[in-house]
Amino acid sequence: MGLKKNPKLMSKKLYIKTFGCQMNEYDSNRIYESVSKIGYKKTEIFNEANCYILNTCHIRDKAKEKVYHEIGRLKKNFKSKQKPVVIVAGCVAQAENNEIIKREPYIDIVIGPQSYHKINDSILKHISKREKEQQTDFDTILKFDYFDKIRNNNNKISAFLTIQEGCDKFCKFCVVPYTRGPEYSRSFYKIIDEAKQLVKNGSKEITLLGQNVNAYLSKEKNKNFKLSDLIMSLEKISELKRIRYTTSHPKDMTDDLIECYRNSKKLVPFIHLPIQSGSNRILKLMNRKHTVEYYLSLHEKLKKINPKIEFSSDFIIAYPGETEKDFEETMNLVKKINFINSYSFIFSPRPGTAAFNLKLIEKDIAKERLKIIQDQLFNHQIYKNKRTENTLVNVLVENKMSNQKKFFGRTEHMTGTIFDGEKNIEGKVVPVLITSSNKNNLFGKVKLKKNIRAA
Ligand code: SF4
């Protein structure tokens with residue numbers, strides 16, 4: 001496979017634009033590390049690219065149109081320059097494959113997420129034969145075998161680490177089972193090796209990623225390894241300060257994982273656990289495979305272990321068939337749990353999914369319901385942030401802010417915090433005295449713990 005430097009590509013530049021989720025961000029970093037093996041160097045200047053990769057996301061509305069819009073922009077910019085090798089990667093590439101090249105001949109290579117191990121060969125082949133390349137097989141095992149041999153050089157304070165991909169649950173609205181393929185879990189030992197490498201590079205927080213991260217299950221050396229085993233093993237890496245994971249499914253929230261919230265000192269007391277709707281009838285229509293009561297029982301168990309645990313969720317509003325009563329039930333749940341940092345969207349049909357042809361709820365009604373739920377979610381968020389004012393909050397410092405003397409970091413609950421502080425605090429967990437707040441952020445200054453109550 002193409003892992004040797006190609007002299008012709010040694011001074012060539014690679015630009016990657018990433019849309020969507022944290023997994024795409026992780027993938028883009030790994031793609032760069034693969035492509036750098038044949039000689040490309042990364043550039044942040046889009047105009048000087050010799051190879052342009054668009055890593056796409058299919059979750060949000062108008063994903064396809066966004067791709068064509070970006071390529072249009074690219075064409076305009078390179079009108080009087082040499083055309084770069086143009087690659088469309090990610091979930092739109094997987095879902096649309098040949099169609100994209102047919103509609104936009106400026107694109108040279110289409111590659112789906114489970115074929116990234118073929119990216120070097122595809123580029124080299126395209127350069128030598130000038131043919132279009134399309135790679136959209138589900139070769140997940142080969143992909144991870146390939147990337148396990150390439151060191152992860154990411155040195156961000158907060159790093160992502162993919163442990164699982166794909167999904168077998170087939171919620172009726174979701175494209176993931178079609179774009180990322182069936183559930184696959186990476187080797188436990190390889191994940192631990194990669195985590196140690198990230199910490200060696202300087203990372204202090206690791207977020208374990210998977211479309212169904214808590215369905216993680218790897219059978220190795222006659223043992224079954226679950227997400228809880230990974231968390232308790234990562235716990236032992238002394239320089240690592242925080243562990244997160246996302247995105248989880250309520251059905252896979254097993255007792256061993258719940259117990260980690262008691263046994264791990266590094267697992268943060270924050271969980272993104274999407275419920276999508278507070279109505280059992282809608283959950284059934286969505287094929288979510290859990291009930292509201294079950295979700296509430298998980299909430300109760302976790303809160304009993306640690307009352308500081310906060311929940312975040314995704315909500316799909318106006319799913320086909322949602323009545324006023326169903327929506328009221330969602331609102332009741334939102335008020336009961338007091339979610340923070342959550343996401344809510346009006347249902348939008350994705351081609352190829354079971355819900356694609358269902359009758360939509362009237363736009364005005366959908367918009368009104370979205371406003372009601374967002375007001376509730378945002379008001380609680382404002383209230384919660386306000387309550388942290390004049391208290392000390394532990395913040396992991398991620399970076400100094402550009403053009404400012406301030407630092408940026410996150411609380412255990414993922415709330416972005418901007419604050420004044422001393423030099424050389426990046427990578428440290430520091431107590432920040434919160435002096436003000438808004439919906440999304442806290443503001444303050446680093447303070448020694450003296451006579452101030454801790455939040
Ligand atoms: S469990 Fe998550 S990834 Fe799987 S189909 Fe449902 S929403 Fe999509």
Side-chain angles (χ1 to χ4, degrees), residues 19-27 55-61 63 90-95 112-114 138 140 143 160 162-186 207-217 226-227 244-254 257 271-292 294-295 298 311-322 326 330 333 339 341-358 373:
F19 288 123
C21 64
Q22 295 147 325
M23 193 175 284
N24 269 11
E25 206 180 302
Y26 174 85
D27 286 345
N55 192 0
T56 59
C57 168
H58 208 295
I59 296 286
R60 301 283 171 260
D61 213 2
C91 292
V92 176
Q94 185 68 44
Q114 307 309 11
F138 286 137
T140 322
K143 178 180 90 168
F160 299 131
T162 293
I163 65 165
Q164 181 278 339
E165 280 198 39
C167 180
D168 298 334
K169 295 196 173 63
F170 290 91
C171 299
K172 291 197 174 168
F173 53 82
C174 181
V175 286
V176 165
Y178 311 99
T179 56
R180 292 269 171 176
E183 271 175 19
Y184 173 78
S185 295
R186 285 181 66 191
T207 304
L208 302 171
L209 299 179
Q211 272 93 26
N212 249 283
V213 73
N214 54 346
Y216 176 85
L217 179 66
K226 298 177 75 180
L227 178 58
R244 301 182 186 274
Y245 62 88
T246 195
T247 293
S248 27
H249 191 285
K251 194 170 170 274
D252 296 312
M253 216 53 222
T254 48
L257 181 54
I271 175 166
H272 182 64
L273 190 62
I275 185 162
Q276 309 295 1
S277 170
S279 152
N280 282 333
R281 200 180 71 83
I282 296 297
L283 289 176
K284 201 157 183 211
L285 288 178
M286 289 175 166
N287 191 30
R288 280 293 289 175
K289 300 180 171 71
H290 64 83
T291 61
V292 174
Y294 176 68
Y295 191 96
L298 294 174
F311 277 60
S312 140
S313 178
D314 297 337
F315 296 95
I316 295 177
I317 302 307
Y319 186 78
E322 184 188 77
D326 295 317
T330 299
L333 178 87
F339 294 95
N341 299 327
S342 294
Y343 303 92
S344 45
F345 305 94
I346 293 175
F347 169 77
S348 101
R350 293 283 167 272
T353 60
F356 183 60
N357 285 320
L358 297 179
I373 192 169

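Both ligands and their constituent atoms are indexed starting at 1 by order of listing.
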Exercise. Within the distance-only criterion (no hydrogens, no angle test), does the side chain of Thr179 pair as donor or acceptor with the backbone N or O of Val92 below 3.5 angstrom?
Worked result: no

Side-chain touch [X]/[Y], heavy atoms, less than 4.5 angstrom:
{"X": "Asn212", "Y": "Asp168", "answer": "no"}
{"X": "Phe311", "Y": "Ser313", "answer": "no"}
{"X": "Phe173", "Y": "Thr353", "answer": "no"}
{"X": "Tyr245", "Y": "Ile271", "answer": "yes"}

Exercise. Where on Val175 is there a heavy atom closer than 4.0 Å to ligand 1, on the side chain, on the backbone, on both, or on neither?
Worked result: neither

Exercise. What do we get for Phe173 next to ligand 1 when only non-hydrogen atoms under 4.0 Å count, side chain, backbone, both or neither?
Worked result: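 Side chain only.
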
For this session: Within a distance under 4.0 Å of any heavy atom of Phe170, pick out the atoms of ligand 1 and give their elements.
Result: 5 (S)

Exercise. Going by the order shown, which atoms of ligand 1 are within less than 4.0 Å of some heavy atom of Asn212?
Worked result: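 Result: 1 (S), 4 (Fe).
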
Exercise. Do Tyr178 and Phe138 have ring centroids that are under 6.0 Å from one another?
Worked result: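 No, ring centres 6.0 Å or more apart.
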
Exercise. Any salt bridge between Glu183 and Lys169, counting N to O under 4.0 Å?
Worked result: yes

Problem set entry | His249 N/O/S atom closer than 2.8 Å to atom 6 (Fe) of ligand 1 | no

Problem set entry | Protein heavy-atom partner closest to atom 8 (Fe) of ligand 1 - residue, atom, separation in Å |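 It is Cys174 SG, 2.3 Å.
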
For this session: Return the residue, atom name and 0.1 Å-rounded distance of the protein heavy atom closest to atom 6 (Fe) of ligand 1.
Result: Cys171 SG, 2.3 Å

Exercise. Does the shortest distance from atom 4 (Fe) of ligand 1 to an N/O/S atom of Cys167 fall below 2.8 Å?
Worked result: yes

For this session: Please confirm whether Arg288 comes under 4.0 Å of ligand 1, counting heavy atoms of the residue only.
Result: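 Yes, Arg288 has a heavy atom closer than 4.0 Å to ligand 1.
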
